[in-house]
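Just so we're on the same page: letters track the sequence lines, and every chain starts at 1.
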Amino acid sequence: MSAPVLAFELIEAFPDGRRLVRLLDEPLVGRRVVLHPDPTGDERLPHFDQVSLLPPAAAPRPIPPQSAVSESPGQRAAQLLVSLLTPSQRREWRSRGCFSVDTPYGRVELGRMSDISFWPTSGGEYRLCVVPAGSNFLPDADIWVNLLLVLSDDPKRFLAVANWRRRCGTWHRGPVPGLASR
Amino acid sequence: MGVMRIIDATGDTILEWAPDDLLAVARAEAVFDDLRARRQLAFVRRAGESAHDAERVASFDPGAEEIIWVRPIAGG
């Protein structure tokens with residue numbers, strides 16, 4: 001026996017294919033539900049087994065796409081960056097405009113674009129260049145937010161993709177020498 | 001209240017939700033899945049935690065306090 005068919009009106013379509021709708025039939029008239037994409041491709045009408053019911057009471061609370069702020073993009077990015085730093089990193093950032101991140105592979109100093117310092121645990125010093133995709137449109141502090149989070153999570157990956165040079169050398173594609181052996 | 005920060009040219013775009021507001025949660029989850037599909041990277045942290053304590057996540061948790069979205073990296 002097939003599930004009963006429901007009449008509805010669309011409120012909002014989500015990028016993943018789900019749809020928020022308002023039901024028009026008794027006994028659920030007025031209820032808001034989320035419709036999940038029908039795996040059979042039948043897009044005509046939803047069935048009970050396709051929906052997850054939302055509570056009837058609470059009216060949707062509008063969510064602004066972006067908070068109302070007066071700060072500049074750079075200020076907003078700087079606030080986020082500072083909130084992600086440890087107290088010692090904050091001191092470095094405020095005094096020198098750079099901050100250190102210790103990894104199992106050595107110390108990385110973030111804060112100079114295209115000139116990231118790296119001191120491997122095995123000795124020596126390299127300069128690195130690593131950027132987030134599409135970073136041309138990001139405030140500088142957001143670039144450091146991006147690199148800080150990725151470096152803290154997966155330093156091996158960070159050092160594998162980094163372009164590098166010795167202090168007075170020419171640039172090479174990653175990975176940084178000696179990384180694979182660690 | 002959970003908050004999603006998506007870094008962009010404005011500094012970051014913010015999306016907020018209350019865990020008991022199912023509509024807001026559905027919206028936030030849809031945004032999460034869309035960004036994941038575009039290979040962006042999500043990190044969760046609790047209030048006051050540094051990047052060192054942030055955790056990379058692959059699925060949306062309505063109970064998360066803060067989700068920060070960043071981009072994949074490459075050699076510059």
A/R107 atom CZ, neighbour heavy-atom count above 12 within 6.0 Å: no
Closest contact, heavy atoms only, A/P73 versus B/A9: CB-O, 3.3 Å
Atom CZ of A/R90: over 12 foreign heavy atoms under 6.0 Å: yes
B/D8 versus A/P139, closest heavy-atom pair with distance: O-CD, 3.3 Å
Best-contacting candidate, A/P132, A/A133, A/A78, against chain B by heavy atom pairs under 4.5 angstrom: A/A133
Toward chain A, the part of B/R39 with a non-hydrogen atom under 4.5 Å: neither
Option that, when pairs with chain B are counted at under 4.5 Å, heavy atom only, ranks first among A/N163, A/V161, A/L84: A/L84
4.5 Å side-chain heavy-atom contact, A/D153 and B/L41: no
Neighbour count above 12 (heavy atom, 6.0 Å) for A/R165 CZ: yes
Part of A/T86 within contact of chain B (heavy atom distance under 4.5 Å): both
Top contributor to chain A contacts, counting heavy-atom pairs under 4.5 Å, from B/I68, B/I6, B/V70: B/V70
Contact origin within A/L151 toward chain B - heavy atom pairs under 4.5 Å: neither
Option that, when pairs with chain B are counted at under 4.5 Å, heavy atom only, ranks first among A/S152, A/G174, A/A160: A/S152
Salt bridge (Lys or Arg N to Asp or Glu O under 4.0 Å) pairs, two or more places apart, involving residues 124-142 of chain A: A/D115-A/R127, A/E125-A/R127, A/E125-A/R167
Heavy-atom donor-acceptor pair, B/R71 side chain to A/N146 backbone, under 3.5 Å: no
B/R45 and A/S83 side chains, donor-acceptor separation under 3.5 Å: yes
Pairwise side-chain contact, B/D12 with A/V145, heavy-atom cut-off 4.5 Å (strictly under): no
A/H172 atom NE2, over 12 foreign heavy atoms within 6.0 Å: yes
Contact summary for A/L149 and B/A54, nearest pair of heavy atoms: CD2-CB, 3.9 Å
Per-residue contact mode, B/E49 against chain A (heavy atom under 4.5 angstrom): backbone
Top of A/L128, A/L85, A/V130 for chain B proximity - count of heavy-atom pairs under 4.5 angstrom: A/V130
